[in-house]
Every structure is written in structure tokens, then in C-alpha cells.
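One is the number of the first residue; the rest follow in order along the sequence.
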Amino acid sequence: HDRDRFDIEFGLEKGTTYNAYLIFGETHTALIDASHEKFSNLFIATLKQELAAAGRGIDYILVSHTEPDHSFLVPAVLDLYPEATVVASKVAINFLKGLTNRDFKNQAVKGGDKVDLGGGHVMEFVMAPNLHWPDTMFSYDHATGVMYTCDAFGLHYCSEEPFDTDVQAIMPHYRFYYDCLMKPNAKSVTTALRKVTDLDYNTLANGHGPIIRYNVEQLVANYRDWSMAVETGTTQVAVLYAADYGYSDRLSQTLAKGITKAGVKTEMVDVLSVDPQELVGIMAASKGLVLMAPPSGSKDAQKTMAAMLSAIKPNTKVIVADSFGGSDEPVDTLVADLLGVEAQVLGDALRVKEAPSQVLYQAFEEAGTDLAQALTSKEVMQRKKAAMPGDVAKALGRISSGLYIVAAAQENARSGMVASWVSQASFEPLGLTISVAKDRAIESMMQVGDKFVLNCLGEKTADPIMKHFLKRFAAGEDRFQGIEWFPATGNQGPVLKDAIAYMECQVVSRMETADHWVTYAHVTGGEVMNSDERTAVHRRKVGNYY
């Protein structure tokens with residue numbers, strides 16, 4: 001389990017794993033990936049034990065990508081096996097030379113290249129950039145049909161079972177991992193899947209979570225379907241970040257998650273490695289831009305910035321943010337440069353003054369969603385109007401419902417929203433459903449296993465509470481500022497003092513629709529606080545609006 005790195009970003013319910021692999025060919029041995037710095041002693045001891053048991057050393061180190069949680073211990077492995085050849089993409093080799101500060105045997109490979117370990121273990125390489133690191137590659141073993149994919153097809157889930165034997169148990173975590181890391185790179189996902197079409201793989205040996213062996217066809221199809229759905233969108237935002245610099249990669253992924261949850265696709269661009277001509281094409285196709293502050297002394301970043309400023313279209317909507325890397329280009333300078341080419345910078349730059357917390361990640365995700373909504377608000381309104389005939393919309397609007405405030409808290413972050421699409425769904429155990437729009441801020445706090453509070457509003461006291469929660473909040477703004485509340489005993493979710501009743505709930509499952517998640521939750525506690533007042537009722541005139 002690693003509950004340090006990913007707790008804040010993913011809200012881990014089931015922990016996570018770091019997966020590395022040894023392949024014993026007839027003549028050569030290969031290590032695929034290393035591990036995180038914090039597991040140095042355990043990883044090295046286990047590696048030495050396995051190699052000693054097999055009477056082997058290491059001939060090749062296959063580096064899937066250079067994200068530190070998978071590559072940090074490569075230098076330590078080279079200390080033990082200095083004659084090993086590091087096999088990776090050209091970009092990865094160059095990065096590792098900087099990391100190790102020494103010469104080592106290396107072999108830069110491209111798509112279709114192979115390394116023969118003997119006994120049929122021919123390793124074929126597939127370049128899969130941006131999944132989710134710029135220098136990612138897959139490695140396919142022709143002897144076993146195992147494809148080593150690092151972060152792709154991964155999930156944060158740790159149990160005693162090493163394989164995907166219970167697909168229902170892992171699916172919510174698999175989908176959430178995809179949404180956070182792979183959905184912002186949907187175009188790269190579909191490209192990688194096309195590249196591996198002719199490979200007869202039967203197992204996906206990923207970098208996190210259970211190895212995919214029993215449900216390969218289904219889980220690959222999920223990636224394909226989810227990514228193709230994103231790619232059908234007509235609006236794109238370019239997200240410029242610096243790989244392995246400060247928190248640039250993590251915060252950019254968080255912004256991208258906020259953008260994609262609102263139905264806008266993203267193009268992730270590493271300012272330290274992108275070809276300037278490629279960037280010009282990306283900017284031509286993008287209606288919005290996220291710019292993470294690059295390292296100020298990087299000549300590669302300076303070239304990228306120059307290309308971006310020359311290619312960005314007037315009135316492009318932009319978010320600028322700190323990377324907290326120690327030598328960030330000042331965000332005020334970046335904003336001034338963008339205004340100078342007539343870009344439209346939305347709000348103040350997102351500043352990072354300390355290591356990111358849950359509250360900061362929440363603010364970044366919400367800022368991404370705000371950008372996406374600013375780009376698509378007119379289009380979404382037109383779609384709603386055209387979604388159904390007028391008579392049908394009026395008929396559907398006759399379905400009445402109560403009025404509620406859904407409230408959730410995780411660490412020191414809180415969120416809340418008005419809900420009316422709420423219904424009891426089961427007796428034993430007591431359960432209810434809430435329909436949550438995909439672009440709602442609270443949606444990220446209502447994953448399977450998460451806890452929340454459902455506050456019932458009274459018909460006499462609902463109006464001021466509704467008015468408060470229906471206003472437009474700035475990204476990261478505390479939605480409970482000015483509202484009297486107390487934490488629920490069982491799950492710490494906010495209970496409104498003016499609610500007439502509340503229920504403590506835990507999410508059990510979610511069903512996806514085109515624009516909402518139907519969330520089923522068990523009711524674990526609750527109380528009526530005002531028995532004299534009835535629940536407020538919400539009546540609509542048409543069904544294509546709330």
C-alpha cells in the first residue's frame with residue numbers, strides 16, 4: 001500500500017501497489033520497471049532474493065516510462081548490475097542520463113524494435129506517449145502473450161489477489177483511475193490501442209493494481225469506448241505542463257480531469273519535449289489553454305512558449321497556474337505575455353504556496369470545469385433545448401421531487417450542491433439514489449466507498465438555503481461559508497442546522513448516463529431535526545432543465 005503519494009489525488013479506499021516484473025529468458029534476464037524511492041529497501045531485497053533463487057543477474061532493464069514512482073530506483077539497480085543495458089525510448093534514455101549523472105549501457109528503441117531474451121521471449125516495443133507520461137512505451141513478450149503497460153490499464157487497488165478475478169469489485173477503481181489519468185489523454189489511448197491491434201496479447205501487466213488476465217477483452221474495450229466518446233467532442237483545450245517538474249504533472253492532470261468531466265477533450269503537452277511545429281497544430285485546434293508555469297531556466301520550455309505565443313488564437317480562454325517546482329516562471333509574467341497576444345485569461349492565476357493539499361486539488365479541478373463550461377455553455381443550452389419534443393419535455397416536467405442539499409467532506413475539503421433527483425431505492429439495506437451531473441464539483445467526492453450527507457430542506461426554510469447554494473462559486477471557494485452546520489457523527493459530512501432532517505450515506509455503486517451519474521448509496525444513519533415542517537417540493541414546467 002502507498003497511501004502517501006496518491007491519497008490526496010485519488011482518495012484511496014483500497015490502497016495501491018507498485019508493480020515491477022522479472023522475465024527469465026533462456027539466455028538473458030530482463031527487469032521491467034523499478035519502483036518508488038520509499039520502497040528502496042524492500043524492492044532491492046526482493047529483487048536480489050528472486051535473482052539469487054534463479055541463479056541470474058540482470059541483462060536488461062526495460063523502462064516503461066520515467067515517472068519517478070516507477071524509475072527512481074533504476075540507478076540503484078544499476079549499482080548492483082552495472083553491466084545491464086537500459087532499454088527505453090530515446091526521450092527516456094536522455095532523462096535517465098540526467099537522473100544518474102553517469103554513463104551506462106543503453107539501447108534507445110522505437111516502435112517495432114525487438115530484444116531477444118532467448119527461449120522465444122522476444123520483447124517487442126510499442127511507443128505509447130502520454131499514457132500518462134511523455135516517454136511511455138509498452139513491452140510485449142511474444143513467448144507468453146503478456147503486454148507490460150505500466151500505468152495504462154492500471155488502478156489503485158490492493159488485495160491479496162494478484163489478478164482481476166473480481167471484475168465487479170475493481171471496476172469502480174479502474175474507471176476512476178482512467179478518468180483521472182487516461183481520459184485527459186484519450187487521443188493517445190485510441191492511438192496506442194490501434195498500434196497493438198496485431199499483437200496477440202492475453203494479459204496486461206500494469207504498473208498499479210491487479211494484473212489484467214481474466215477480463216482483458218472487456219477492460220480494453222472499456223478504454224476504447226470511453227476514449228472514443230471523449231474524442232467525439234468538438235471542443236479541445238491544450239494543457240501545457242512540464243513533466244517531472246515540481247507538481248506540474250499532477251496539478252495539470254487535476255485541471256484536465258475537471259475539463260474532461262464537463263465533456264471537453266484535452267491535449268496534454270509536455271513543454272520540455274514537444275516539437276514546436278506539433279504544438280502549432282495543437283493550438284490551432286484548441287479553443288482553450290491551460291498553462292502550468294514552466295521552469296524559468298529551461299531553453300526547451302522557452303522555445304515552446306515562443307511557439308505557443310505565436311500560434312495562440314485571439315480570445316482563446318486561458319488558465320495560468322503555478323507548478324511549485326522551485327524555479328517557476330512567474331505567473332504574472334506569463335499572464336502579461338498572454339494578454340499581449342490578445343488571449344482571454346480567466347480570473348487570477350492559480351497560485352501554489354505550499355505542497356498541494358486536498359483543498360488545492362479541489363480548487364484546480366473546479367477551475368478546469370469552469371474553463372470547460374465557459375467554452376461550451378451555449379452549446380450545452382442548445383443541446384438541452386433540442387433533446388426532446390416540447391410536449392414530451394412538458395410531460396416529463398410534471399414529475400415532482402423534494403429539495404435537498406448533498407454535502408460531503410474529505411480531509412479538509414468540502415463540497416455541496418442542491419439536489420432534487422433523489423429517491424429511496426431499497427428497504428434492506430436502506431438505500432437511495434441521487435442523480436449527479438458529471439460536471440458537478442461534488443461528483444469527485446461521490447465515488448464508490450465515499451460518504452456524504454443528504455440534508456432535507458423544509459418548505460418554509462428552503463429559499464435562503466437554495467439561494468446560497470445555487471450561486472456561482474469561485475474555484476475552491478468554501479460552499480459552506482456563512483451557513484451554520486456541524487459534522488455528522490458517522491462520516492463528518494456537513495449537516496445543515498436549518499435542515500429538517502439528514503441522512504448519512506455511503507456510495508455503493510454508480511450507473512452512468514449521458515450526462516449524469518446515478519449514485520446508489522446505503523443510508524447508515526440519520527435524524528429528523530424538525531418534525532413540524534414538511535419537505536420542500538420542487539415542481540418544474542419542463543423536463544429538459546432542473
Side-chain angles (χ1 to χ4, degrees), residues 20 30-37 58-79 81-115 123-139 148-152 185 188 191-192 195 207 240-250 252 268-279 282 292 294-308 323 325-327 329:
L31 170 68
I32 298 185
D33 295 323
S35 193
H36 195 288
E37 175 185 15
I58 293 178
D59 301 293
Y60 294 100
I61 303 171
L62 310 186
V63 178
S64 301
H65 71 210
T66 57
E67 187 181 14
D69 61 330
H70 298 289
S71 68
F72 188 89
L73 294 181
V74 168
V77 176
L78 285 171
D79 287 341
Y81 306 97
E83 294 304 309
T85 298
V86 175
V87 179
S89 68
K90 182 179 179 180
V91 174
I93 292 293
N94 290 335
F95 175 83
L96 289 169
K97 287 180 179 178
L99 178 67
T100 59
N101 291 314
R102 64 180 173 189
D103 291 329
F104 54 85
K105 294 172 66 176
N106 65 82
Q107 181 177 342
V109 294
K110 56 184 183 298
D113 287 352
K114 298 176 182 178
V115 168
M123 306 302 297
E124 181 173 346
F125 306 106
V126 178
M127 297 299 108
N130 298 320
L131 298 185
H132 71 113
W133 212 248
D135 53 17
T136 299
M137 74 176 188
F138 296 167
S139 302
Y148 299 86
T149 60
C150 201
D151 282 341
N185 300 287
S188 298
T191 299
K195 289 180 179 180
L240 273 60
Y241 71 103
D244 199 38
Y245 171 69
Y247 288 84
S248 187
D249 59 314
R250 304 186 204 177
S252 65
M268 305 297 294
V269 181
D270 174 24
V271 299
L272 303 180
S273 63
V274 67
D275 181 271
Q277 289 303 313
E278 180 185 357
L279 177 60
I282 292 171
M292 304 298 301
S296 59
S298 168
K299 292 182 179 179
D300 289 329
Q302 291 168 5
K303 291 178 182 178
T304 300
M305 291 298 100
M308 180 273 291
S323 292
S327 60
E329 189 73 30

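With sequence neighbours left out, the side-chain hydrogen bond (donor to acceptor under 3.5 Å, both in side chains) criterion links Ser248 to Ser323. Residues meeting the salt bridge (charged side-chain N to carboxylate O under 4.0 Å, His left out) test with Asp275, sequence neighbours left out: none. Scored by the side-chain hydrogen bond (donor to acceptor under 3.5 Å, both in side chains) test, Thr66 finds Trp133, Asp135 as partners (sequence neighbours excluded). The side chain to side chain contact (heavy atoms under 4.5 Å, CB included) test applied to Pro75 returns Leu99, Thr100, Arg102, not counting sequence neighbours. Here Ala192 pairs with Ala128, Leu131, Phe138 under the side chain to side chain contact (heavy atoms under 4.5 Å, CB included) rule; sequence neighbours left out. Scored by the ring pair (Phe, Tyr, Trp, His ring centres under 6.0 Å) test, Tyr245 finds no partners at all (sequence neighbours excluded). Contacts of Ala301 classified as side chain to side chain contact (heavy atoms under 4.5 Å, CB included), with partners at least two apart in sequence or in another chain: Val271, Leu272, Pro294, Ser298. When the salt bridge (charged side-chain N to carboxylate O under 4.0 Å, His left out) test is applied to Asp300, no partner is found at least two apart in sequence or on another chain. Partners of Thr191 according to the side-chain hydrogen bond (donor to acceptor under 3.5 Å, both in side chains) rule, which considers only residues two or more places apart in sequence or in another chain, are Arg194. Qualifying side chain to side chain contact (heavy atoms under 4.5 Å, CB included) partners for Asn130, counting only residues two or more places apart in sequence or in other chains: Pro134, Asn185, Ser188, Tyr241. Residues that satisfy the ring pair (Phe, Tyr, Trp, His ring centres under 6.0 Å) test with Tyr60, not counting sequence neighbours, are His28.
The side-chain heavy atoms of Val87 and Met123, taken from C-beta on, include no pair separated by under 4.5 Å. Between Thr149 and Ser64, every side-chain heavy-atom pair lies at or beyond the 4.5 Å cut-off. At least one side-chain heavy atom of Met137 sits less than 4.5 Å from a side-chain heavy atom of Ser139. A 4.5 Å side-chain heavy-atom check between Met127 and Ser89 finds at least one atom pair inside the cut-off. The shortest side-chain heavy-atom distance between Asp79 and Val77 does not fall under the 4.5 Å cut-off. Residues His132 and Glu67 form a side-chain contact, since some pair of their non-hydrogen atoms from C-beta on lies under 4.5 Å apart. Within the 4.5 Å cutoff, no side-chain heavy atoms of Asp59 are placed close to those of Thr85.
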CA sep, side-chain torsions, deciding dist, call: Val86, Ile93, side chain to side chain contact (heavy atoms under 4.5 Å, CB included): CA-CA 8 Å; Val86 175; Ile93 292 293; 3.9 Å; yes
Chi angles and distances behind the side chain to side chain contact (heavy atoms under 4.5 Å, CB included) call for Ile32, Ile61: CA-CA 6 Å; Ile32 298 185; Ile61 303 171; over 6 Å; no
Asp244 and Asp249: CA distance, side-chain angles, deciding distance, side chain to side chain contact (heavy atoms under 4.5 Å, CB included) verdict: CA-CA 7 Å; Asp244 199 38; Asp249 59 314; over 6 Å; no
Stepwise side chain to side chain contact (heavy atoms under 4.5 Å, CB included) test for Leu62 and Asp33: CA-CA 6 Å; Leu62 310 186; Asp33 295 323; over 6 Å; no
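Taking all atoms of both residues into account, the shortest heavy-atom contact from Ile58 to Ala84 is O-CB, 3.5 Å. Contact record, Leu73 with His36: CD1-O, 3.5 Å, taken as the closest heavy-atom pair. Among all heavy-atom pairs drawn from Met292 and Ser252, the shortest one is CG-CB, 3.8 Å. Nearest heavy atoms, Gln302 versus Ser296: NE2-O, 3.3 Å. Scanning both residues, His65 and Thr136, for their nearest heavy atoms gives ND1-OG1, 3.0 Å.
A donor-acceptor contact under 3.5 angstrom links the side chains of Asp270 and Ser273, judged on distance only. For the 3.5 Å distance criterion, the side chains of Asp151 and His70 qualify, holding a donor opposite an acceptor.
When atom types are taken as modelled, the side chain of Lys114 and the backbone of Phe125 share no donor-acceptor pair closer than 3.5 angstrom.
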Acceptor/donor pairs from residues 103-111 side chains to any protein atom, 3.5 angstrom cut, sequence neighbours excluded:
residue : atom : partner : partner atom : Å
Lys105  : NZ   : Glu83   : O            : 3.4
Asn106  : ND2  : Phe104  : O            : 3.1

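Taking a 6.0 Å sphere around NZ of Lys303, one finds it holds 12 or fewer heavy atoms contributed by other residues, nucleotides or ligands.
The structure places CG of Asp113 at 9.0 Å from CD of Glu124, a figure rounded to the nearest 0.5 Å.
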